[in-house]
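See below for the structure under consideration.
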There are 2 protein chains.
Amino acid sequence: MLNYRHLYYFWMVSKEGGFARAAERLDMAIQTISVQVRELEKSLGHQLLKPEGRGVALTEAGRVAFARAEGIFQIGEALPEAVRDAASRRVVRLAVGLSDGISKLAAHALLGPVLDTPDLRLICHEGEFEQLQTELALHRLDLVLTGQAAPSNPNLRLSCDRLLSSPVVWYGPAYLVGQDMMDSFPQSIERLPVLLPTGHSALRSGLDHWFNDLGLKPQVVGEFEDSALMSLFAARGLGVFPVSRRGADDLARSSGLALLGECENVVEEIYAIRNRRGEQHPLVQQILARAAA
Amino acid sequence: MLNYRHLYYFWMVSKEGGFARAAERLDMAIQTISVQVRELEKSLGHQLLKPEGRGVALTEAGRVAFARAEGIFQIGEALPEAVRDAASRRVVRLAVGLSDGISKLAAHALLGPVLDTPDLRLICHEGEFEQLQTELALHRLDLVLTGQAAPSNPNLRLSCDRLLSSPVVWYGPAYLVGQDMMDSFPQSIERLPVLLPTGHSALRSGLDHWFNDLGLKPQVVGEFEDSALMSLFAARGLGVFPVSRRGADDLARSSGLALLGECENVVEEIYAIRNRRGEQHPLVQQILARAAA
DNA sequence: GCCAAGCTTCGCAAAATACGAAGGAAGACC
DNA sequence: GGTCTTCCTTCGTATTTTGCGAAGCTTGGC
């Protein structure tokens, strides 16, 4: 394994342009530096410094090593202050990944419990499931919300829980959704313009099944990746759309949308993927606890 | 100073999700890891891991430290291989910064001696003088060529040498530069369309002086930052232009340009700025040696 | 040819790192 | 509730690494 102390001395020698200067800067004996750098060279199997006149110069390998060392120690020298900052700072960072195809409205509902955390800094990141899983493993994310259960992968040390399993309801603009439409639901849906999630989502599969079972042939006027966008277009009169009941609570109030009816046997599910136990974010635990309740 | 060994153990503990796993992975006793990580916390002055159930979890400070550590050790783990690659690779990297306002033709002439180095990988980077100086100090460049002497700055450990001081000559397309024009040079220049370097360059100042001293009022049809571009436009018939004699040797041959005449008392100078002695690139030395000859 | 600056080698002291043994704390399981 | 297992911690000691004084060795300048 690479010895970072040796590397540090090598870095300083390169930066200062010689053992003597480096030793002075480090307030150490010159021979110590000399020996330790030699150790580094031995462990890497290549000469990094070569004698040049009465000083030393970098070899090609040394040039590369120096460039990397520069990167390492630039981060390293800033680390203590970064830690102090983080410790004194009151803001709590929470990085959430939202998998493509997840209902943004439901995601928002799930994150709701922590949104009023004082000094919260919420980072929402969308992307492909695989990519998010990677970022989670690399600790760039604290939590990933996804529409389908993750293939449990013990290598990555991730755990997956179902956070939400909510019946799906239909909403639409009030002027389209009259009493007659509600009464004759679900058949009435054939007489209404319909917005659907795109085919990539788990919810779409469930809905297609539901249409098929009931022998319904809906008139699809739009397909949306994003449920929030879908609800916006619906509110502007484009048509009626499905959404999980949880997360739809405030739709009627806030956007002039009316409840049309509820699907039987169609549920939207959301799964939470997170790092292995023991590295959890307090807010993540809060979200999971609230969702379980 | 930050102890990278401690940091490494902390990183591994975070990554593996516990002391026990980390110890197993590192093939070390668990208590060693425990103590060393505690040392890191002590030296940083903040707790990085907190007990959680029967494992441990990252604190906010720990989260930050872990992110930095990830950066550090990702570089570090790739370093040995990078060094091996560099050592076995035969290509020689030479990164040269060309200051804005320098004559590209002269720069090319100066770099000429090393251009036929086998397996050369030449990186040419243009930019403001200050910026290039910074990159030089950060070892991202091996050499900076500039039109004016650098203010010697002992802090940055850079040295500056005059590489070239060459008389300035005028070239123009052969059909413009007839024998009569050559004979009546420099007065004939008033009867020719003239291209000049832009006002930012040292060469331009010298030329303005020269015009003034001789009482010449040239008809300026173009100003160029870039001498190579200027020579291209000149070759296409736009006008006559000044260029340092060195670096102009092949102009007449290759581009249908003819020598008009030579300025008295106007020189183009090029300075080489490089890192302190002992960190020099072999090719840089070659360039300097050749230029001095 | 001599001096001064700079790197290297050698042998020993100091410091850090590492581990066995023993102890405590928190879920898991009956 | 009791017991078991897993995990983290503390303590005392062995081992390794790191650091330094003293004495070479090489190179360039005078």
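For the OP1/OP2 pair of dT8(C) and a distance below 4.0 Å, the side-chain nitrogens and oxygens of Ser34(A) include at least one atom meeting the criterion. Regarding contacts with the backbone of dC8(D), every side-chain N or O of Arg38(B) stays at 4.0 angstrom or more from both OP1 and OP2.
For the pair Glu24(B) CD and dC7(D) C1', the computed distance is 13 Å after rounding to whole Å. Regarding Lys42(A), its NZ atom lies at a distance of 13 Å from the C1' atom of dT8(C), rounded to whole Å. Protein atom CG of Leu49(B) is 14 Å distant from nucleotide atom C1' of dT9(D), rounded to whole Å. When rounded to the nearest whole Å, the span between CZ of Arg21(A) and P of dC7(C) equals 10 Å. One can place CD of Gln47(A) at 13 Å from C1' of dC7(C), the figure rounded to the nearest angstrom. One can place CD of Glu16(A) at 17 Å from C1' of dC7(C), the figure rounded to the nearest angstrom.
Not one N or O on the side chain of Asp161(A) forms a donor-acceptor pair closer than 3.5 Å with the backbone of Leu163(A).
With sequence neighbours left out, the ring-ring contact (aromatic ring centres under 6.0 Å, His included) criterion links Tyr8(B) to Trp11(B), Phe73(B). With sequence neighbours excluded, the residues forming a side chain to side chain contact (heavy atoms under 4.5 Å, CB included) with Ser34(B) are Phe19(B), listed by chain and number. Applying the side chain to side chain contact (heavy atoms under 4.5 Å, CB included) test to Ala202(B) and every residue at least two apart in sequence or in another chain returns Gln148(B). The side-chain hydrogen bond (donor to acceptor under 3.5 Å, both in side chains) search around Glu135(B) returns His125(B), Gln131(B), not counting sequence neighbours. With sequence neighbours excluded, the residues forming a side chain to side chain contact (heavy atoms under 4.5 Å, CB included) with Glu269(A) are Arg162(A), Ser165(A), Val267(A), Tyr271(A), listed by chain and number.
Recorded end-axis angle for the helix from dG1(C)-dC30(D) to dC30(C)-dG1(D) stands at 30°, based on five pairs per end and rounded to 10 degrees.
When distances are taken from the side chain of Ala20(A) to each of dT8(C), dC8(D), dG6(C), the shortest belongs to dG6(C).
Sorted by first and then second residue, the ring pair (Phe, Tyr, Trp, His ring centres under 6.0 Å) pairs involving residues 84-120 of chain A (not counting sequence neighbours) form an empty list. Residue pairs satisfying the salt bridge (charged side-chain N to carboxylate O under 4.0 Å, His left out) criterion with at least one member in residues 29-43 of chain A, sequence neighbours excluded, are listed as follows: Arg38(A)-Glu41(A), Glu39(A)-Lys42(A).
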Per-nucleotide protein contact string for nucleotides 11-26 of chain D (B base, S sugar-phosphate only, - none; heavy atom under 4.0 Å): -------SSBBB----
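At most 12 non-hydrogen atoms from other residues, nucleotides or ligands lie less than 6.0 angstrom from CD of Glu24(A).
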